[in-house]
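Just below is one structure, and these are the notes that go with it.
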Amino acid sequence: MKALFLLLFTFPLLLAGQDSLAQHEAFSLLTQLHDTIVYHHPIGYEAGSREKMKSALERVKTELRAQFANQRGDSMAVPDFIYHASALQTVSGCGHLQLRPVLDTATLAAQRRHFRRMGVYPVGDGSRYVLADSVRTTANELLGRGTEVVLFEKEPIRSLVSRLSAFQGLNDLGYDRATHYKLGTSLWAYYQNYYGYRDSLQFTIVDPDTKEQRMVWMDTRVKFKQSKPLPKKERYKAYFNLRKSEDSSAWILAVRSFSGNAFEHVNEAKLFRETFRTIQESGIDKLILDLRGNGGGSLELANKFCRYLARQDYQFTEDMYSQTPTAPGIGLFNKMGYYLVGGVRKKGDHFEQPRKTRVFSPRKNAFGGDLVIIVNEQSFSATVMLAHVLKETGSATVIGAKTGGSRKYTYGGKIRGYLIGERIKFRVTIPNWRFEQYRSGEGTFTPDEIVLLDPESLRAGEDVRMERALEILGVKDSGGQEVR
């Protein structure tokens, strides 16, 4: 009985303790984080980058000392630590770097008990946030998509999303709006992961009719229901979908991932070949490539796809460089695969992949008509490289939103997770190769035309970016028949 009492008394304390770091833990974890990144990330082998990382480390230490000196107690919340530590990610310029606490089984179980989704989009210049999808309140009121949210759990929504977005990725060169978009769409989950699970969440909206602010509540206690999986041979359809516009004058091809897992149960070479044969045989010379939400994946897969759209010879990457210890693989068999299949070779003090820096030509049956590409804040990595090549070769007009992906260097390769921390464990994910892009430039990738989201069109159920793409092609609307 005594043991049971101690368990019931101490278990909640242990869970609560996971939300904060003692002063000595925070400084120790920060040093571990810096050392892990510098050792495993390609930037650690460049003298200038090492100095920038060291300066950022000292700057964060100064910030932590000031915070501990000006507060009561000897601990800090985990989100506050991550927010300060994100200076290391900003200095790296690499949006693949992510730092997250490792969730225990109790937290994962709580996710399944509190599964009602609630997310927001930044609209306009990013100063306003609106509901990404409709939400049912505890008063049984249905708040429509596009309803403006100003406070979440009594905190200004803009500052909350900014703080929780720290070290969450998708933001090369510190372009944080891409991360704000990513985190905002799953705000309900991120908030509860960091601050604990609640039976309800409160937020303040701007009433669409009265334009006055009022508080509403959402019940989070919805049992998680696993959707019925598609047959293995059809799972790619969740990531690769071809349809015609309603008037059948244009094709719309949505590609949501270039990950190998997305095409695990299908021959992607055959899929691409048959898709573009269908387009070619139809006689329709207008195509919209929808890359919104495509966070990237395999360079090889993206390049295979690119050859069906490019109008001239190109290099998908102009340089692939790494000095990291994991660049040639880990273990004998892994290294053999990297050497034989990946073409990894050591040259002086670094490794290269010459097979991936050669010149590629468009396929004979490549699409030669009018092409419009749509990207958004969550288009990243290999997807940005694809859009960049097609824009630079004059193959497409790109519209949508500025992405978080760099136009110069992209870090990728094998994205590995490394555990750090002692009492509280964190996982930092780090890429091990640097790719210099085709006809590289400065800054992050920006479309030819920016098309911003606005609350009015979202409330009306309109897709302003798709509508603009259709308008450029001279097509009226985007309904139509699904083909693949």
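Hydrogens, waters and symmetry mates are skipped; everything else that's a heavy atom, side chains included, is used.
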Check for a donor-acceptor pair, side chain of Gln192 on one end and backbone N or O of Gln111 on the other, with a separation under 3.5 Å.
no
Taking Thr324 for its side chain and His41 for its backbone only, find out whether a donor-acceptor pair lies under 3.5 Å.
no
Please check if atom OH in Tyr191 has more than 12 non-hydrogen atoms from other residues, nucleotides or ligands closer than 6.0 Å.
yes
For Phe240 and Phe272, what are the C-alpha separation, side-chain angles and deciding distance, and is it a ring-ring contact (aromatic ring centres under 6.0 Å, His included)?
CA-CA 10 Å; Phe240 193 91; Phe272 295 166; 5.7 Å; yes
Would you say that more than 12 heavy atoms from the other residues, nucleotides or ligands in this model lie under 6.0 Å from the NZ of Lys346, or not?
no
Is it true that a side-chain atom of Arg307 and a backbone atom of Ser361 form a donor plus acceptor pair closer than 3.5 Å?
yes
So Trp433 and Val344, side-chain contact (heavy atoms from CB on, under 4.5 Å) or not? Walk me through it.
CA-CA 11 Å; Trp433 280 86; Val344 175; 4.1 Å; yes
A side-chain contact here means heavy atoms from C-beta on lying under 4.5 Å apart; do Leu299 and Phe258 qualify?
no
Please check if the side chain of Ser162 supplies one atom and the backbone of Arg158 the other of a donor-acceptor pair under 3.5 Å.
no
Return yes when atom CZ of Arg427 has more than 12 non-hydrogen atoms of other residues, nucleotides or ligands closer than 6.0 Å, and no otherwise.
no
Here the gap from Asn171 atom CG to Thr90 atom OG1, rounded to the nearest 0.5 Å, amounts to 6.5 Å
Identify which one of Ile430, Leu99, Ile420 satisfies the side-chain contact (heavy atoms from CB on, under 4.5 Å) criterion when paired with Ile37.
Ile430
Expected output: side-chain Arg355 to main-chain Val341 donor-acceptor under 3.5 Å
yes
Taking every non-hydrogen atom, the tightest pair across Ile415 and Pro431:
CD1-CB, 3.4 Å
State whether the side chain of Glu442 and the backbone N or O of Lys408 hold a donor-acceptor pair below 3.5 Å, judged by distance alone.
no
Reported CE-to-CE distance for the pair Met118 and Met218, which is rounded to 0.5 angstrom:
6.5 Å
Distance under 6.0 Å and angle within 45° of ring axis: Lys391 vs Phe445
yes
With heavy-atom distances below 4.5 Å as the criterion, would you say the side chains of Leu33 and Thr36 are in contact?
no
With a 3.5 Å distance limit and no angle check, can you tell me whether Asp448 reaches the backbone of Ile399 through a side-chain donor-acceptor pair?
no
So if I apply the side chain to side chain donor-acceptor pair (under 3.5 Å) rule between Gln168 and each of His180, Gln98, Gln89, Arg100, which one comes out positive?
Arg100
Does Arg345 make a cation-pi contact with Tyr339 (under 6.0 Å, within 45 degrees of the axis)?
yes
Is Gln353 close to Thr317 at the side-chain level, that is, under 4.5 Å between some pair of heavy atoms?
no
Decide yes or no for Tyr308 and Phe367: does some side-chain heavy atom of the first lie under 4.5 Å from some side-chain heavy atom of the second?
no
Between Leu386 and Phe316, is any pair of side-chain heavy atoms under 4.5 Å apart?
yes
Drop me the distance from Lys356's NZ to Met320's CE, to the nearest 0.5 angstrom.
4.5 Å
Taking only Lys NZ, Arg NE, NH1 and NH2, and the carboxylate oxygens of Asp or Glu, determine whether Lys54 and Glu51 approach each other closer than 4.0 Å.
no
Work out which heavy atom in Phe435 is nearest to a heavy atom in Gly413; give both atom names and the distance.
CZ-N, 3.3 Å
When you measure from the centre of the six-membered ring of Tyr175, is the NZ or CZ of Lys402 closer than 6.0 Å and no more than 45° off the axis?
yes
Going through the distances and angles, do Phe380 and Thr444 end up as a side-chain contact (heavy atoms from CB on, under 4.5 Å)?
CA-CA 10 Å; Phe380 191 67; Thr444 50; over 6 Å; no
Is the shortest distance from a Lys or Arg side-chain nitrogen in Lys232 or Glu264 to a carboxylate oxygen in the other one below 4.0 Å?
no
Arg256 and side chain to side chain donor-acceptor pair (under 3.5 Å): which single residue from Asn294, Asp290, Asn241 fits?
Asp290
What I want to find out is whether Asp319 reaches Arg434 closely enough, with some N-O distance under 4.0 Å, to be called a salt bridge.
yes
To the nearest 0.5 Å, how far apart are CZ in Arg358 and CG in Asp313?
11.0 Å
Does a side-chain heavy-atom distance below 4.5 Å link Leu309 with Ser395?
no
Look only at the side chain of Arg292 and the backbone of Val375, and say whether a donor-acceptor pair between them is shorter than 3.5 Å.
no
I need the minimum non-hydrogen distance between Ala178 and Glu377, along with the two atoms involved.
CB-O, 3.4 Å
Would you check if there is a donor-acceptor pair between the side chains of Asn303 and Tyr314 at a distance under 3.5 Å?
yes
What heavy-atom pair brings Arg116 and Arg136 nearest, and what distance separates the two atoms?
NH1-O, 3.9 Å
Assess the residue pair Met53 and Leu88 against the criterion (side-chain contact (heavy atoms from CB on, under 4.5 Å)); give the C-alpha distance rounded to whole Å, side-chain angles, the decisive distance to 0.1 Å, and a yes or no.
CA-CA 6 Å; Met53 290 291 288; Leu88 298 178; 4.1 Å; yes
Pairwise distance OH(Tyr129) to CD(Glu148) - rounded to 0.5 angstrom
12.0 Å
Less than 4.5 Å apart, side chain to side chain, heavy atoms only: is that true for Thr410 and Val384?
no
Between Tyr411 and His96, does the ring centre distance come in under 6.0 Å?
no
Distance col, row Tyr195:OH vs Leu164:CG, nearest 0.5 angstrom, shows 5.5 Å
Any idea which heavy atoms bring Leu97 and Phe167 closest together, and the distance?
O-CD2, 4.0 Å
N/O donor-acceptor pair under 3.5 Å between Gln437 side chain and Ser406 backbone
yes
Hey, can you tell me if Phe81 and Phe426 have their rings parallel, tilted or perpendicular (30° and 60° cut-offs)?
tilted
Between Ile284 and Lys244, does a side-chain contact (heavy atoms from CB on, under 4.5 Å) hold up when you go through it step by step?
CA-CA 10 Å; Ile284 298 172; Lys244 289 181 181 179; 4.1 Å; yes
Do the non-hydrogen side-chain atoms of Tyr197 and Thr107 ever get within less than 4.5 Å of each other?
yes
With a 6.0 Å cut-off on ring centres, are Phe305 and Phe276 close enough?
yes
For residues Ala87 and Ala56, report the shortest heavy-atom separation together with the two atoms involved.
O-CB, 4.3 Å
Side chain Arg145, main chain Ala132, donor-acceptor under 3.5 Å:
yes
